[in-house]
S.K.: 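Right, I'll just put the structure down here and ask away after.
The residues of the chain are indexed from 1 along the displayed sequence.
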Amino acid sequence: MQKYQGSTLQKEWDAKRQVLKKKIREMSVPQLCKSFLRVLLQAVTVIYIVCMLVALPLYYRRETGYSFIGSNKSDFFMDKGFFLGRTFIHIFLFYAAFALLCFFLENRGEKGKFSLLLNALLEELSLTDKFAILYTIGVLLSYYYTDYRAELRLGAQGWYMGLWPQLLLVGSYFAVSRLLPKCAVKWMTLALLVTSGFVFLAGLLNRYNVNPLGIPSIGPGFISTIGNINWYCGYWAVVYPVAVGCFVFYEGRGKKEKWNRALRMFFGIAASVGFATGITQGSESGALALAAVLLLVSAIAVKRRDRLHRFMELLLCFSVTACFLSIVQWLFPERNQYMTATSFLLTGTVLPWVTGILAFCAYLWLKRKLPIEEWEQRKDMFAEGNRKSEAKAERYERGIRRGWYICLFLIGMTVVSYIALLIINTLYPGSIGALSDNPLFIFNREWGSNRGGTWKAGVRAWTSLDSLHKVVGIGPDGMAEYIYKGPDSGLLDMVRAQFGNSRLTNAHGEWITILANLGLIGLAGFAGMMISAVLRFLRAKTALCMACALALFGYTMNNVFSFQQVMNVSQMFMILGLGEWLKRKEMEQENGRYENPDCGR
């Protein structure tokens, strides 16, 4: 049997090699050079992915520990990223020259070659690509018109989200979405989940005063190989939804049952570790990202019976994880030195036990009333009694779907009502009765862990600009330069009154920061890029592409109260590129131009 399999694989390899040799012989010299240069570009892209997806999250300097871990990661990102970027550009210039030569040789008899080339390039651009280009234009214009060019070439010290880092990030998106080798997709996903799993496990142990890495602690606000909990939460919010999406949406068509179970178990473990560290990490913005992602997954999963079953299994994983953490908290109450309201609610009360029991009962009811085995078969294969049973199950399914949509609507209305009450009580103090004195319903500079003050500073920085700079912004990563060196002394007094000598670098709200730094053009490009990507990827048929949509959504929800930094935005742009690659291959397959990528149905 092994000899037969070996000989079969050898024959397949020989056949592929013969096809490759035939293609090479049929190529002209420009085509051969173009293909060789494309392979080099793919190699540089893969090296960049390894550096940013694996090395960057794990990188730290033992001699400096947590004291300079953010700056060290920023230095690593720029050193490796700029070197690979320069290498990529040099190769790309030659590749573009040979690509143009091949195009003109192939269309030598055609008229209007430049219009043909332009049309071909425009047809290759998706809606997300066009918004990414608009975002790039916003970055370039903001830098061109800024008053702080020297400072914003790299950006604010320690953050480094200036001109060159932004161009590198957008370039990584286009490189991954166009040049990612097919064989690297699964390895990229595995590297992402394994690396993040290690980071998350270390962060979870650090939270309970266990230090497996031996990094000297400087307080509970620094954990794992990431450091600051806001940076850690930003990284977690963009990575953990990938495991969640793969667990719920993966179908495993055409694969052995044992392999499917092993993959599902791997995704489940990765999701559970993500849940555990998300509950305990300490940044409250993570609670919003966690709740938002789970609600979005539920809205998608309720449309299909198999996904509904897997979503209930995901809730069981979440409940079991929370119950386990509550036991740990009960046994070792002195271990966790950073207990937030969210972590206390999910580990210090009976809530996880109640939700766990309810989720288990709901899952058993689903297994009984909505069996997947019957749903996966054709109705005409059923006996009369089975068809009636399936019709009854479908009625249950429609009822669940309607009920859950009503719940989602009520949750949405609750959020809208809270925002309305917050605005009313802020504009007209004392107008909402007993809730009027509750800090949650008073929008001032202390609201939301001082987010009220940082948001106000970001909005005021933008409103104080002239008409041109309202459109193009202060400059990439330039908000701090404008606050402390700009003409608005009232803005500086407001910031110092709240934060003293601490330097406010951004508004701690990504879209507000982008509005101030890049103006209306940059915000329109970034918001359009993210929204279009989420909507397009959610309509994909590939589980991994839908998981990428969840990652982008989680990143956006977390950054309502957070900011861009090298740990979260570098991962986000690579996941954005991966999702675009998958979506493009899916569309090419539908048009009959591409073989099934087989990337996790």
Side-chain angles (χ1 to χ4, degrees), residues 53 57 128 169 173 189 192-193 195-197 199-200 203 224 226 229-250 267-268 270-301 311 314-315 317-318 321 342 346 408 411-412 415 508-511 526-527 529-538 540 543-580 582:
L53 211 65
T128 304
L169 292 166
Y173 158 70
T189 309
L192 176 70
L193 295 178
T195 303
S196 63
V199 173
F200 294 162
S224 190
I226 307 297
I229 57 172
N230 289 317
W231 284 42
Y232 181 88
C233 183
Y235 173 76
W236 167 82
V238 72
V239 173
Y240 96 92
V242 175
V244 170
C246 289
F247 181 82
V248 175
F249 302 133
Y250 176 75
F267 295 144
S272 298
V273 174
F275 287 146
T277 195
I279 292 170
T280 59
Q281 44 84 28
S283 179
E284 293 288 19
S285 62
L288 174 63
L290 177 62
V293 168
L294 289 179
L295 288 174
L296 179 59
V297 173
S298 70
I300 301 169
F311 175 71
L314 181 73
L315 287 186
C317 289
F318 177 79
T321 301
T342 301
L346 295 175
L408 293 177
I411 292 172
V415 174
H508 286 244
E510 184 180 37
W511 287 19
F526 188 84
M529 179 179 70
M530 298 298 289
I531 294 172
S532 65
V534 171
L535 294 178
R536 291 174 60 243
F537 297 171
L538 284 178
L544 184 55
C545 191
M546 299 179 72
C548 291
L550 295 182
L552 299 177
F553 184 70
Y555 168 89
T556 302
M557 289 295 101
N558 179 73
N559 276 15
V560 170
F561 296 96
S562 194
F563 41 78
Q564 289 185 357
Q565 32 87 5
V566 295
M567 278 314 311
N568 65 353
V569 77
S570 62
Q571 312 299 305
M572 184 275 286
F573 272 101
M574 282 189 291
I575 291 174
L576 180 65
L578 174 61
E580 182 66 24
L582 292 163

S.K.: In Å and rounded to the nearest 0.5 Å, what is the CG to CG distance from Leu544 to Leu578?
M.R.: 5.0 Å

S.K.: For the atom pair CD1 (Ile411) and CG (Leu295), what is the distance rounded to the nearest 0.5 Å?
M.R.: 5.0 Å

S.K.: Nearest 0.5 Å please: distance from the CD1 atom of Ile575 over to the OH atom of Tyr173.
M.R.: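 Answer for the CD1-OH pair, Ile575 versus Tyr173, is 14.0 Å.
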
S.K.: Spell out, as yes or no, whether a donor-acceptor pair under 3.5 Å connects the side chain of Ser196 to the backbone of Leu193.
M.R.: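 Looks like yes, one N/O pair under 3.5 Å.
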
S.K.: For residues Val248 and Met546, determine if any side-chain heavy atom of one lies less than 4.5 Å from a side-chain heavy atom of the other.
M.R.: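 No, their side chains stay 4.5 Å or more apart.
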
S.K.: Looking at CD of Gln565 and CG of Asn559, how far apart are the two atoms once the value is rounded to the nearest 0.5 Å?
M.R.: 8.0 Å

S.K.: Less than 6.0 Å separating the ring centroids of Phe267 and Tyr250?
M.R.: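 Yes, close enough.
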
S.K.: Between Met529 and Thr128, which heavy-atom pair has the shortest distance, and what is it?
M.R.: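 Residues Met529 and Thr128, closest heavy atoms: O-CG2, 3.7 Å.
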
S.K.: Could you walk me through whether Phe311 and Leu314 satisfy the side chain to side chain contact (heavy atoms under 4.5 Å, CB included) test, starting with their C-alpha distance in whole Å, then the side-chain angles of each, then the deciding distance to 0.1 Å, before giving a yes or no?
M.R.: CA-CA 5 Å; Phe311 175 71; Leu314 181 73; 4.3 Å; yes

S.K.: Please report the interatomic distance OG(Ser285) to CG(Leu290), rounded to the nearest 0.5 Å.
M.R.: 11.5 Å

S.K.: If we only count heavy atoms from C-beta on, is the Pro241 to Val297 side-chain gap below 4.5 Å?
M.R.: no

S.K.: Any chance you could measure Phe200, atom CZ, to Ser272, atom OG, to the nearest 0.5 Å?
M.R.: 12.5 Å

S.K.: Take Thr277 and Tyr240 through the side chain to side chain contact (heavy atoms under 4.5 Å, CB included) test and state the conclusion after the steps.
M.R.: CA-CA 10 Å; Thr277 195; Tyr240 96 92; over 6 Å; no

S.K.: Work out which heavy atom in Gln281 is nearest to a heavy atom in Cys233; give both atom names and the distance.
M.R.: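 Nearest pair, atom of Gln281 first, then Cys233: OE1-CB, 3.5 Å.
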
S.K.: Excluding sequence neighbours, so at least two apart, what forms salt bridge (charged side-chain N to carboxylate O under 4.0 Å, His left out) with Glu580?
M.R.: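 For Glu580, the residues satisfying salt bridge (charged side-chain N to carboxylate O under 4.0 Å, His left out) (neighbours in sequence not counted) are Arg536.
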
S.K.: Is there a donor in the side chain of Tyr555 and an acceptor in the side chain of Glu510, or the other way round, less than 3.5 Å apart?
M.R.: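 The answer is yes; a qualifying pair exists.
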
S.K.: Hey, is the main chain of Phe563 close enough, under 3.5 Å, to the side chain of Asn568 for a donor-acceptor pair?
M.R.: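 At least one qualifying donor-acceptor pair exists.
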
S.K.: Considering all heavy atoms of both residues, which atom of Val242 and which atom of Ala547 are nearest to each other, and what is their separation?
M.R.: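 Residues Val242 and Ala547, closest heavy atoms: O-CB, 3.6 Å.
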
S.K.: What are the two closest heavy atoms between Phe537 and Cys545, and how far apart are they?
M.R.: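 Residues Phe537 and Cys545, closest heavy atoms: CB-O, 3.5 Å.
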
S.K.: So which heavy atom on Tyr232 is nearest to which on Ser224, and how close?
M.R.: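 Smallest heavy-atom distance, with atoms named: CE1-CB, 3.6 Å.
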
S.K.: Between Met530 and Met572, does the side chain to side chain contact (heavy atoms under 4.5 Å, CB included) criterion hold? Intermediate values first, please.
M.R.: CA-CA 10 Å; Met530 298 298 289; Met572 184 275 286; 3.8 Å; yes

S.K.: How about Leu53 and Thr195: do any of their side-chain heavy atoms sit closer than 4.5 Å?
M.R.: no

S.K.: Where is the tightest heavy-atom contact between Ile226 and Pro57, given as atom of each residue plus distance?
M.R.: CD1-O, 3.7 Å

S.K.: Could you check Phe318 against Leu346 for side chain to side chain contact (heavy atoms under 4.5 Å, CB included), going step by step and ending with a plain yes or no?
M.R.: CA-CA 10 Å; Phe318 177 79; Leu346 295 175; 4.1 Å; yes

